[in-house]
Amino acid sequence: MKKLILVLLAVVLCVTFAACGPRDYVLNENTFFLVMTNIQYYPEQYLQSNIEFDCFTYELVDVDGNSYMCGVRKCSAGYGCTCGNDTIIGFVLEYDGELPQPRNQSENTNDKTWVHLSGKVKSADKLKIEIRSYLSDGSIDPTKTEQIEFLMFVVDSLELIEDYSNLAYYVTD
C-alpha cells in the first residue's frame, strides 16, 4: 500500500511539473491581441515557449536612420505608443534568412506583406527605439520624439502568406 501511494504521488508530481513547463502558443485571429499584449507585459513567462503567429512585415526607422524589420499588426493606441494615435504591436525580428520587404507600409490597408512566423522570444529585455512622433493627421512631427520598446523574436521558420483575406490588419481584442 505504501509503495502504491508513493507511485501515485510520483505520477502526480510528474504531471504537475510537466504542466508548469514551457507551453506552445499558436496565435490566431481570436487570440492575437490578448496573447501578444500579455507577452509584451510579461515576457519572462514566454521565453522558452514556441510561438506561431501571422503578421505583416514592417520596417521601423529610428531618429538616427537605423532600420529594424518587425513582424506586427496594427492596434488601438494604448500599448507602446504615447502619441495618442493607433500603433503597432509585435516584435523586432531576428532571422538568418531574408525577411520579405514591407508592402504598402504607410497605408491603412490589408494589402501588406503577410508572413507566418514561428520561433521564440529572445529575452525579456526590450530594445528601446527612439522614433519621431506623429501628429493627429498622421504626418511625422519633426520636433518631437518618443521612445518605444520592442521585444526581439528569433524566427525559426517563415512562410509567406499569399491569401491573407481571412487576416485582420487591425486587431483590438
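Because the structure is predicted, anything quoted here is derived from the model rather than measured.
- Scanning all heavy atoms of the two residues, the minimum distance from Leu60 to Cys70 falls at CB-SG, 4.1 Å.
- With sequence neighbours left out, Thr145 forms a side-chain contact (heavy atoms from CB on, under 4.5 Å) with Val63, Glu130, Arg132.
- Separating the CG atom in Asp96 from the CG atom in Leu158 is a distance of 12.0 Å, to the nearest 0.5 Å.
- Hydrophobic cluster membership differs between Ile140 and Val61, with clusters built from Ile, Leu, Val, Met, Phe, Trp and Tyr side chains linked at under 4.5 angstrom.
- Considering only residues two or more places apart in sequence or on other chains, Ser106 meets the side chain to side chain donor-acceptor pair (under 3.5 Å) condition with none of them.
- You'll find the side chain of Ile39 reaches within 4.5 Å of the side chain of Leu151, heavy atoms only.
- Geometrically, Arg73 engages Phe32 in a cation-pi contact defined by less than 6.0 Å to the ring centre and at most 45° from the axis.
- Panel note: side chain Thr37, backbone Phe33; a donor-acceptor pair is recorded below 3.5 Å.
- Applying the salt bridge (Lys or Arg N to Asp or Glu O under 4.0 Å) rule to Glu159 yields no partners; only residues at least two apart in sequence or on another chain are considered.
- Atom CD1 of Ile131 and atom CD1 of Ile148 lie 4.0 Å apart (nearest 0.5 Å).
- In this structure, the side chains of Leu127 and Met152 come closer than 4.5 Å at one or more pairs of heavy atoms.
- Under the side-chain contact (heavy atoms from CB on, under 4.5 Å) criterion, Asn108 pairs with Lys74, Tyr169, sequence neighbours left out.
- For residues 107-116, the set of pairs meeting the salt bridge (charged side-chain N to carboxylate O under 4.0 Å, His left out) definition, not counting sequence neighbours, comprises Arg103-Asp111.
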Could you pull out every donor-acceptor pair under 3.5 Å between side chains of residues 49-57 and any protein atom, sequence neighbours left out?
from: Ser49; atom 1: OG; to: Arg23; atom 2: N; distance (Å): 3.4
from: Ser49; atom 1: OG; to: Arg23; atom 2: O; distance (Å): 2.8
from: Asn50; atom 1: ND2; to: Asp24; atom 2: OD1; distance (Å): 3.2
from: Glu52; atom 1: OE1; to: His116; atom 2: NE2; distance (Å): 2.9
from: Asp54; atom 1: OD1; to: His116; atom 2: ND1; distance (Å): 2.5
from: Thr57; atom 1: OG1; to: Pro100; atom 2: O; distance (Å): 3.2

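- Judged as a side chain to side chain donor-acceptor pair (under 3.5 Å), and not counting sequence neighbours, the contacts of Tyr46 are Asn38.
- Expressed to the nearest 0.5 Å, how far CG of Leu93 lies from OH of Tyr58 amounts to 13.5 Å.
- The cluster map of Ile, Leu, Val, Met, Phe, Trp and Tyr, joined by side-chain heavy atoms under 4.5 Å apart, puts Phe153 and Leu160 in the same cluster.
- With hydrogens and angles ignored, the 3.5 Å screen pairs a side-chain donor or acceptor of Lys126 with a backbone N or O of Gln40.
- With respect to the salt-bridge test (charged N to carboxylate O, under 4.0 angstrom), the residues Glu94 and Lys120 do not qualify.
- Applying the side chain to side chain donor-acceptor pair (under 3.5 Å) criterion to Ser118, with sequence neighbours excluded, gives Ser157.
- Under the 4.5 Å side-chain contact rule for hydrophobic residues, Met36 and Val154 do not share a cluster.
- In this structure, the separation between CD on Glu149 and CG on Asp125 is 10.5 Å, given to the nearest 0.5 Å.
- A single hydrophobic cluster is not seen to contain both Val155 and Val26; linkage of ILVMFWY side chains at heavy-atom distances under 4.5 Å, directly or through other members, places them apart.
- Checked against side chain to side chain donor-acceptor pair (under 3.5 Å), Ser67 has the following partners two or more places apart in sequence or in another chain: Glu59.
- Scored by the side-chain contact (heavy atoms from CB on, under 4.5 Å) test, Asp64 finds Asp62, Asn66 as partners (sequence neighbours excluded).
- For Lys144, there are no salt bridge (Lys or Arg N to Asp or Glu O under 4.0 Å) partners at least two apart in sequence or on another chain.
- Residues Ile161 and Val115 have side chains not in contact (no heavy-atom distance under 4.5 Å, counting atoms from C-beta outward).
- With sequence neighbours left out, the side-chain contact (heavy atoms from CB on, under 4.5 Å) criterion links Gln48 to Pro22.
- The environment of Glu44 atom CD is dense: over 12 non-hydrogen atoms of other residues, nucleotides or ligands sit within 6.0 angstrom.
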